[in-house]
Q: 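Dropping a structure here in structure tokens format, bear with me for questions.
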Amino acid sequence: MGVKIGLTGGIGSGKSTVAGFWQEAGAALIDTDAIARQLSGPDGAAMAAIAAEFGSTMLTPDGALNRSAMRELAFSDATAKQRLEAILHPMIGARARCQAEAAQAAGMQWIVFDVPLLVESGHWRERVDRVLVLDCSEQTQMARVSARPGWTSSSAASVLAAQASRAQRRACADAVIYNDGLDLAALREHVLTLCAQWRRCK
Ligand SMILES: CC(C)(COP(=O)(O)OP(=O)(O)OC[C@H]1O[C@@H](n2cnc3c(N)ncnc32)[C@H](O)[C@@H]1O)[C@@H](O)C(=O)NCCC(=O)NCCS
Ligand SMILES: Nc1ncnc2c1ncn2[C@@H]1O[C@H](COP(=O)(O)OP(=O)(O)OP(=O)(O)O)[C@@H](O)[C@H]1O
């Protein structure tokens, strides 16, 4: 049985970057944001339900989810966010389970689940053996996210406001990496050191 690690953190905390370092160390990665994007892409398995729930204004011409329009709606209207999550979260959970089973069948010893909402969802904690939280100041999150094309400081702030607090996340952690003021090489060293420690006490 592989060891299952839940990797979480607020928006822009560095989850994808750290997930890449775990892969470099030989872990299988299950990326729930990537699964959500597949489900809501053109011909995505969630698109019929999303179109029925939200109407054609939330679709792009090729039938995918209009992500910037949905981001604006979901992070300004908690009910809309819940309606979207009610469609996507069960499908994300099922696909993540399938991918984990395939990784285990292939003999992977470490499976990393990158789950932004691990703390918020209530279902994920029991599905993983250890939780690694990436923590950083909200100021750093805001700077990283506002720099993305199509994002503003106001859209970044609305996502932060919809997520768990840093203290709530840290309270669920088996390990915390403080990803602020570290360069990428130092962050990588932290991850590889933790990986070696967890291998020793597997
Ligand atoms: C609202 C959507 C369309 C915005 O798409 P966009 O391309 O702008 O952002 P992207 O998907 O890359 O997500 C970026 C980050 O936003 C945050 N985020 C995404 N969904 C949520 C949510 N429901 N609640 C709080 N934060 C969220 C996470 O930190 C995530 O890493 C998209 O995030 C979405 O479909 N969300 C619902 C699915 C979900 O809950 N995904 C999280 C995986 S568990
Ligand atoms: N220690 C670091 N040094 C320099 N840049 C960093 C560091 N950590 C993260 N970054 C950069 O910050 C940005 C956000 O990181 P990343 O995409 O890994 O975060 P995330 O938590 O996966 O974001 P999201 O919640 O949107 O999925 C990226 O451009 C990444 O290269």
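Whatever order the structure lists ligands and atoms in, that order sets their numbers, starting from 1.
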Q: Looking only at N/O atoms, are R71 and ligand 1 under 3.5 Å apart anywhere?
A: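 In this structure, R71 places an N or O atom under 3.5 Å from an N or O of ligand 1.
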Q: What pair of heavy atoms forms the shortest contact from V128 to F113, and how long is it?
A: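 Smallest interatomic distance, heavy atoms only, reads CG1-CD1, 3.9 Å.
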Q: Considering the options H190, R188, E189, which one meets the side chain to side chain contact (heavy atoms under 4.5 Å, CB included) requirement together with L182?
A: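 Considering H190, R188, E189, a side chain to side chain contact (heavy atoms under 4.5 Å, CB included) with L182 is found only for H190.
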Q: Give the residue, atom name and distance (to 0.1 Å) of the protein heavy atom nearest atom 23 (N) of ligand 1.
A: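 Here the nearest protein heavy atom works out to E85 OE2, 2.7 Å.
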Q: Any chance you could lay out the salt bridge (charged side-chain N to carboxylate O under 4.0 Å, His left out) test for R97 and E101, step after step, and finish with the verdict?
A: CA-CA 6 Å; R97 191 172 295 111; E101 282 166 8; 5.4 Å; no
Q: Does ligand 2 have any atom that is closer than 4.0 Å to a heavy atom of G12?
A: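 Judged by the 4.0 Å heavy-atom criterion, G12 does count as contacting ligand 2.
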Q: Report the nearest protein non-hydrogen atom to atom 9 (O) of ligand 1: residue, atom name, distance rounded to 0.1 Å.
A: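 Its nearest protein heavy-atom neighbour is W151 CZ2, 4.3 Å.
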Q: Counting C-beta onward and ignoring hydrogens, is there a side-chain heavy-atom pair between S155 and F75 closer than 4.5 Å?
A: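 In short, these two side chains do not touch, never coming nearer than 4.5 Å.
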Q: For atom 25 (C) of ligand 1, grab the closest protein heavy atom and report residue, atom and distance to one decimal in Å.
A: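 The protein heavy atom lying closest is L117 CD2, 3.5 Å.
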Q: Under the 4.0 Å line, does any protein heavy atom show up next to atom 28 (C) of ligand 2?
A: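 Answer no: nothing from the protein, no heavy atom, is under 4.0 Å.
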Q: More than 12 foreign heavy atoms under 6.0 Å from CD of E24: is that the case here?
A: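 Result for CD/E24: enclosed.
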Q: Near D43 CG, under 6.0 Å, is it more than 12 heavy atoms from other residues, nucleotides or ligands?
A: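 For D43, atom CG is not crowded (no more than 12 foreign heavy atoms under 6.0 Å).
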Q: Quick check on contacts: which atoms of ligand 1 are under 4.0 angstrom from a heavy atom of T32?
A: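 Atoms satisfying the 4.0 Å criterion: 43 (C), 44 (S).
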Q: Of all the atoms in ligand 2, which lie at a distance below 4.0 Å from a heavy atom belonging to L182?
A: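 In order of numbering, the contacting atoms are 1 (N), 2 (C), 3 (N).
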Q: Of the choices V159, L84, D33, T8, which has the non-hydrogen atom that lies closest to atom 42 (C) of ligand 1?
A: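 Among V159, L84, D33, T8, the closest heavy atom to atom 42 (C) of ligand 1 comes from D33.
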Q: Where is the nearest protein heavy atom to atom 8 (N) of ligand 2: which residue, which atom, and how far?
A: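 Of every protein heavy atom, N179 ND2, 2.9 Å lies nearest to atom 8 (N) of ligand 2.
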Q: Looking at atom 26 (N) of ligand 1, what's its closest protein heavy atom, distance included?
A: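 Going atom by atom, the protein heavy atom closest to atom 26 (N) of ligand 1 ends up being Q163 NE2, 2.9 Å.
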Q: Which residue owns the protein heavy atom closest to atom 18 (O) of ligand 2, what's the atom, and how far is it?
A: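 Among all protein heavy atoms, the one nearest atom 18 (O) of ligand 2 is T17 OG1, 2.6 Å.
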Q: Which atoms from ligand 1 have a heavy atom of L65 less than 4.0 Å away?
A: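 Listed by number with element: 3 (C).
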Q: Hey, does I11 come in under 3.5 Å of ligand 2, counting only N/O atoms on both sides?
A: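 There is no such contact.
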Q: I need the nearest protein heavy-atom contact for atom 20 (N) of ligand 1: residue, atom name and distance, please.
A: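 Sorting protein heavy atoms by distance from atom 20 (N) of ligand 1 puts F75 CZ, 4.1 Å first.
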Q: Which of the numbered atoms in ligand 1 are under 4.0 angstrom from any heavy atom belonging to L88?
A: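 Those atoms are 35 (O), 37 (C), 38 (C).
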Q: Would you say H89 and L84 make side-chain contact, with heavy atoms under 4.5 Å?
A: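 They are not in contact (no side-chain heavy atoms under 4.5 Å apart), so the answer is no.
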Q: Contact between ligand 1 and H89 is defined here as a heavy atom of the residue under 4.0 Å from a ligand atom; is it met?
A: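 True for this residue.
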Q: Please state which protein non-hydrogen atom is closest to atom 2 (C) of ligand 1 and give its distance, to 0.1 Å?
A: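 For atom 2 (C) of ligand 1, the nearest protein heavy atom comes out as R67 NH2, 4.4 Å.
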Q: Between the side chain of K15 and the main-chain N/O of G10, is any donor-acceptor distance below 3.5 Å?
A: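 Present.
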Q: Quick one: look up the protein heavy atom nearest atom 24 (N) of ligand 1 and list residue, atom name and how far away it is.
A: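 The closest one turns out to be K81 NZ, 3.5 Å.
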Q: Just going by heavy-atom distances, which of R144, Q163, R148, K15 is nearest to atom 17 (O) of ligand 2?
A: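 The nearest heavy atom belongs to R148.
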Q: Are R166 and D135 close enough, and set up right, to give a salt bridge (charged side-chain N to carboxylate O under 4.0 Å, His left out), and what steps lead you there?
A: CA-CA 7 Å; R166 293 172 62 194; D135 188 30; 2.7 Å; yes
Q: Please check: side-chain N/O of E126 versus main-chain N/O of W124, any donor-acceptor pairing under 3.5 Å?
A: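 Checked: no pair found.
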Q: May I ask whether S13 has any heavy atom positioned less than 4.0 angstrom from an atom of ligand 2?
A: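 Contact check S13 vs ligand 2: positive.
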Q: Using modelled atom types only, decide if a donor and an acceptor are shared between the side chain of N179 and the backbone of L134 within a distance under 3.5 Å.
A: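 No: the side chain of N179 does not pair with the backbone of L134.
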Q: Can you find a pair of side-chain heavy atoms, one from L187 and one from I177, that are under 4.5 Å apart?
A: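 They are in contact (side-chain heavy atoms under 4.5 Å apart), so the answer is yes.
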Q: Which of the listed options, A185, G14, G10, holds the heavy atom that is closest to atom 15 (O) of ligand 2?
A: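 Minimum heavy-atom distance to atom 15 (O) of ligand 2 goes to G14.
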Q: Taking atom types as modelled and ignoring hydrogens, do the side chains of T140 and S137 form a donor-acceptor contact shorter than 3.5 angstrom?
A: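 Judged by distance alone, the side chains do pair up.
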Q: Less than 3.5 Å apart, any donor N or O on the side chain of R71 or S158 sitting next to an acceptor on the other?
A: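 The criterion, which ignores hydrogens and geometry beyond distance, is not satisfied for S158 and R71.
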Q: Give the single entry among V18, L184, D33 that approaches atom 4 (C) of ligand 2 most closely by any heavy atom.
A: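 Residue with the shortest heavy-atom distance to the ligand atom: L184.
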Q: What atoms of ligand 1 come closer than 4.0 angstrom to any heavy atom of R37?
A: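 Those atoms are 12 (O).
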Q: Only heavy atoms of I11, strictly under 4.0 Å: list the atoms of ligand 1 that pass.
A: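 That gives atoms 15 (C), 16 (O), 29 (O) of ligand 1.
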Q: Find out whether I11 and L160 are in side-chain contact, i.e. whether some heavy atom of one side chain is under 4.5 Å from a heavy atom of the other.
A: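 Answer yes - side chains close enough.
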